Amino acid sequence: MEFSEQDNQAFFEELSQLYFQDPEQFEQRRKALIEETIQTFPEDLQKRAQGLQFTIEARLQAYHDPIMRMNKMVEIFWEHFANFQEVVNNPEKVMRERQNARREATILPFQRPGH
């Protein structure tokens, strides 16, 4: 579904007004919109999107100022874009690095005190 520029502007105004009048309601609406968007993804990608959203939320948790939060979101975007570019430009290297990161762990037995 596409929205006109006028629809987008009205939506922005509505959310902006809500942010200033009722920040808690804005947060609920923001989370609901994100979840609704994720629900439109193919089912096999929804868990991944939810995990990514959880990670983003965790990284943004320390930022309460809207400008600082936006700047952090932009930083996160560019990090992910750089990762994407690396995959596109050098997929063999990325696959090697991922394979090396999956080394098996050694399980160390611990002795109980007194045994």
Side-chain angles (χ1 to χ4, degrees):
M1 176 190 288
E2 285 193 36
F3 296 100
S4 70
E5 183 66 30
Q6 192 173 15
D7 291 338
N8 287 337
Q9 185 64 31
F11 185 64
F12 177 79
E13 292 296 330
E14 176 189 337
L15 290 177
S16 295
Q17 188 174 21
L18 186 59
Y19 176 81
F20 289 109
Q21 291 178 348
D22 190 346
E24 287 182 30
Q25 184 66 31
F26 171 83
E27 255 325 281
Q28 291 175 359
R29 180 84 185 276
R30 180 187 70 79
K31 288 178 181 179
L33 288 168
I34 291 169
E35 188 57 36
E36 287 173 22
T37 301
I38 290 173
Q39 293 302 314
T40 67
F41 294 2
E43 195 171 320
D44 58 325
L45 298 178
Q46 289 180 15
K47 290 280 186 209
R48 173 82 175 110
Q50 289 168 336
L52 183 57
Q53 184 61 33
F54 177 83
T55 302
I56 291 168
E57 295 286 343
R59 290 183 67 186
L60 293 175
Q61 192 171 10
Y63 301 92
H64 302 289
D65 177 71
I67 301 298
M68 294 297 291
R69 198 171 163 90
M70 183 210 49
N71 286 339
K72 188 64 178 178
M73 283 188 257
V74 170
E75 181 182 318
I76 292 168
F77 168 82
W78 285 114
E79 285 173 13
H80 284 269
F81 186 77
N83 292 340
F84 173 74
Q85 277 189 309
E86 184 69 21
V87 169
V88 169
N89 294 328
N90 199 346
E92 295 86 11
K93 177 185 172 208
V94 172
M95 292 304 291
R96 263 192 322 276
E97 289 172 353
R98 287 182 182 178
Q99 198 63 29
N100 289 338
R102 291 184 179 155
R103 287 184 246 147
E104 290 187 27
T106 303
I107 299 174
L108 302 174
F110 286 99
Q111 297 292 326
R112 288 186 173 181
H115 285 90

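The shown structure was predicted, so the numbers you read here are calculated from the model rather than taken from an experiment.
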Please tabulate, one pair per line, all N/O donor-acceptor pairs under 3.5 Å involving side-chain atoms of residues 45-52, not counting sequence neighbours.
| unit_1 | atom_1 | unit_2 | atom_2 | d |
| --- | --- | --- | --- | --- |
| Q46 | NE2 | Q39 | O | 3.3 |
| Q46 | NE2 | F41 | O | 3.0 |
| Q50 | NE2 | E35 | OE2 | 3.3 |

Could you tabulate the donor-acceptor pairs under 3.5 Å formed by side-chain atoms of residues 90-97, not counting sequence neighbours?
| unit_1 | atom_1 | unit_2 | atom_2 | d |
| --- | --- | --- | --- | --- |
| N90 | OD1 | K93 | N | 3.4 |
| K93 | NZ | E86 | OE2 | 3.3 |

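Partners of N83 by side chain to side chain contact (heavy atoms under 4.5 Å, CB included), not counting sequence neighbours: none found. Residues passing the ring pair (Phe, Tyr, Trp, His ring centres under 6.0 Å) test with F26, sequence neighbours excluded: Y19. Annotation: side chain to side chain contact (heavy atoms under 4.5 Å, CB included) contacts of F12 (sequence neighbours excluded): Q9, S16. Among residues two or more places apart in sequence or in another chain, the side-chain hydrogen bond (donor to acceptor under 3.5 Å, both in side chains) test is passed with E43 by none. Taking the ring pair (Phe, Tyr, Trp, His ring centres under 6.0 Å) definition, one finds that F20 meets it with nothing, sequence neighbours left out. In this view, E57 and R30, Q53 satisfy the side-chain hydrogen bond (donor to acceptor under 3.5 Å, both in side chains) rule, not counting sequence neighbours.
The hydrophobic cluster around F54 extends to none of the other residues, as no ILVMFWY side-chain heavy atom falls under 4.5 Å of it.
Pairs of residues two or more places apart, or lying in two chains, that qualify as side-chain hydrogen bond (donor to acceptor under 3.5 Å, both in side chains) and include a residue from residues 59-70 are R59-E79. Contacts classified as salt bridge (Lys or Arg N to Asp or Glu O under 4.0 Å) and involving residues 8-18 (residues at least two apart or in different chains) are given here: E14-R29.
We find the CG-CE distance between L60 and M68 to be 11.5 Å, quoted to the nearest 0.5 Å.
Using the six-membered ring where Trp is involved, F84 and F81 have ring planes that are tilted, between 30° and 60° apart.
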Criterion side chain to side chain contact (heavy atoms under 4.5 Å, CB included) on T40 and E36, from CA distance to verdict: CA-CA 7 Å; T40 67; E36 287 173 22; over 6 Å; no

